[in-house]
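Each remark here refers to the structure printed beneath this line.
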Amino acid sequence: MSNNSLISIKLLNICLKYKFIIFRNVLLVIILVSILSLIMPKTFRSTAVLMPPKSQSDSGLISNKGEISLGSLLTGSTDGSNAIFAILKSRTMAESVINEMNLIEIYGSENLEEAIKTFKKNLIIRDLEEGTISLSILVHTPWLSNDMNNNSARKLSTKIVRYIIIELDRVNKLLQTDEARYQRLFLEKRHNETINNLNKAEEELRLFQHKHNTLDLVEQTKAAINIGAEIQSQILIEEVKLGVLSKTYNSDHPEIVKLEMQIEELDRQLSVLDIGSNQFTDSNDKVFPKYSEVPDLSIELMRLQREVEIQSTLYLYLSERYEASKIQEARDTPTIQVLDDANSPIKRYKPKRKLMVIGYALISMALSIFYVILIDYRQLK
């Protein structure tokens, strides 16, 4: 037979030898723990399940549609659950509940600080896997409580949870309103600035088009090139005619004089289109732009038109956001969704009498066995 088997048999013999002592101790502990569990304060727990508000922040500075989005700059990217946890754990929430429910007297606290510590110990907040938030409050009865004390504790736990939900919604709504107000003030300032910038950009574009007669620079340039080509062709034709007549007539012949005058006039018209001179016409009276000025005019016109387009797009966006921020600031809809309302608890949360009796009975049995082993060891000496 092995040593372990011998030891087990010896321990069993000792327990049988002192079974009365072991049984007496265990029975005594069971009776005492049972009595204690009946007279000790009872704890009732009321629970509600909340759905955190959705975050109002935009996904980024540029949306998937390519539109400007300033939501991340205005509202940030804080998660709704974090905001709810912060409000529930705040001192403001604790003081409000304590003052409303007169918990200083109920807790038997000497001052507000002790009541806040007790309240936070009895407040249980959990982030559930489904993305919801569990809010629970524990309320204790006095020693030797009766049915009236139990009912009062049940009602108080439910009342506290429901008040916390109302206060949570109020504080969260106030924070969102303040945030919307700050957004509105910011957007209002930027909206007014954008209106001034847009008016300025439009005026600069108008003055530029008026100064250079650039209603449609591309079409005007094409037309000028076509007209210049026609004039140049006409000049070449007239010069050919003049060369032919010069072989036949004198230089003072009327036909030759007429051709020379026509060529001179065509050269003058060509110079108006920026072929060597601009002295024949005022820049404000020109229908077509000068060839040499076309690249610079195109770049400047493109910049002015781009600035007007940017300011117009920004104006439309800010107008929409500005109106939305005013609506957000003025709305008074609930921000907290209650999935499971706080109901009056039927069964007590603590003490768990069966577990207490079984646990202490096992502990007393283990201590009693150890005690009888010591007694037997001393007797052997």
Side-chain angles (χ1 to χ4, degrees), residues 46-59 69-104 106-107 111-113 115-128 130-137 139 156-192 318-342:
S46 181
T47 303
V49 179
L50 311 178
M51 176 69 74
K54 295 181 179 179
S55 177
Q56 298 179 356
S57 62
D58 294 329
S59 58
S69 176
L70 299 180
S72 59
L73 298 179
L74 302 178
T75 61
S77 58
T78 55
D79 185 60
S81 298
N82 294 335
I84 297 303
F85 274 95
I87 296 173
L88 291 174
K89 295 179 180 180
S90 65
R91 181 184 178 90
T92 301
M93 175 64 74
E95 289 183 356
S96 177
V97 176
I98 290 171
N99 294 330
E100 178 69 20
M101 301 297 171
N102 194 23
L103 295 183
I104 295 180
I106 294 175
Y107 288 155
N111 49 52
L112 180 62
E113 294 296 330
I116 290 176
K117 292 180 181 179
T118 305
F119 171 76
K120 290 187 175 181
K121 289 180 181 179
N122 294 324
L123 179 65
I124 303 174
I125 310 170
R126 294 178 180 174
D127 194 358
L128 304 180
E130 298 81 5
T132 56
I133 297 175
S134 173
L135 170 63
S136 303
I137 195 72
V139 176
L156 180 61
S157 63
T158 304
K159 189 176 180 181
I160 291 176
V161 172
R162 289 177 177 173
Y163 178 78
I164 290 176
I165 295 174
I166 295 174
E167 188 68 7
L168 174 63
D169 181 69
R170 185 189 68 82
V171 174
N172 190 52
K173 189 184 300 180
L174 180 62
L175 294 176
Q176 290 188 4
T177 302
D178 290 341
E179 184 179 6
R181 180 166 58 86
Y182 296 142
Q183 291 183 25
R184 179 187 59 80
L185 294 175
F186 171 79
L187 289 170
E188 184 176 12
K189 180 180 177 181
R190 287 292 292 119
H191 185 261
N192 294 333
L318 289 175
S319 298
E320 180 182 353
R321 294 287 301 199
Y322 179 51
E323 294 299 327
S325 65
K326 291 196 293 185
I327 295 174
Q328 175 69 20
E329 183 182 9
R331 74 177 186 178
D332 192 29
T333 56
T335 60
I336 304 298
Q337 295 178 334
V338 181
L339 296 182
D340 295 330
D341 194 10

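Note that the structure is predicted; figures quoted are calculated from it, not measured.
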Contacts of type side-chain contact (heavy atoms from CB on, under 4.5 Å), residue L123, not counting sequence neighbours:
F119, I125, L135, I137, I164
Ring pair (Phe, Tyr, Trp, His ring centres under 6.0 Å) with Y322: which residues, sequence neighbours excluded?
H191
The salt bridge (Lys or Arg N to Asp or Glu O under 4.0 Å) partners of E320 (sequence neighbours excluded) come to none
List the residues meeting side-chain contact (heavy atoms from CB on, under 4.5 Å) with T158, not counting sequence neighbours, and say none if there are none.
S46, R162, A342, S344, P345
What pairs with L175 under side-chain contact (heavy atoms from CB on, under 4.5 Å), at least two apart in sequence or on another chain?
I87, V171
When you look at NZ of K120, are more than 12 heavy atoms from neighbouring residues, nucleotides or ligands closer to it than 6.0 Å?
yes
Drop me the distance from L50's CG to L88's CG, to the nearest 0.5 angstrom.
7.5 Å
Applying side-chain contact (heavy atoms from CB on, under 4.5 Å) to T132 and not counting sequence neighbours gives V49, M51, L128, E130, L339
Drop me the distance from D127's CG to S134's OG, to the nearest 0.5 angstrom.
10.0 Å
Determine whether D340 and T47 satisfy the following criterion, side-chain contact (heavy atoms from CB on, under 4.5 Å), listing intermediate values before the conclusion.
CA-CA 8 Å; D340 295 330; T47 303; over 6 Å; no
Got a sec, which residues hit side chain to side chain donor-acceptor pair (under 3.5 Å) with N111, two or more places apart in sequence or on another chain?
none
Above 12 or not: heavy atoms from other molecules or residues under 6.0 Å from CD of E188?
yes
Taking it one step at a time, do I104 and L112 satisfy side-chain contact (heavy atoms from CB on, under 4.5 Å)?
CA-CA 7 Å; I104 295 180; L112 180 62; 4.2 Å; yes
Going by the side chain to side chain donor-acceptor pair (under 3.5 Å) test, which pairs reach into residues 88-100, not counting sequence neighbours?
R91-E95, R91-E113, S96-Y163, S96-E167
D169 side chain to I165 main-chain N or O, any donor-acceptor pair under 3.5 Å?
no
CD1-OH distance between I116 and Y107, expressed to the nearest 0.5 angstrom
11.0 Å
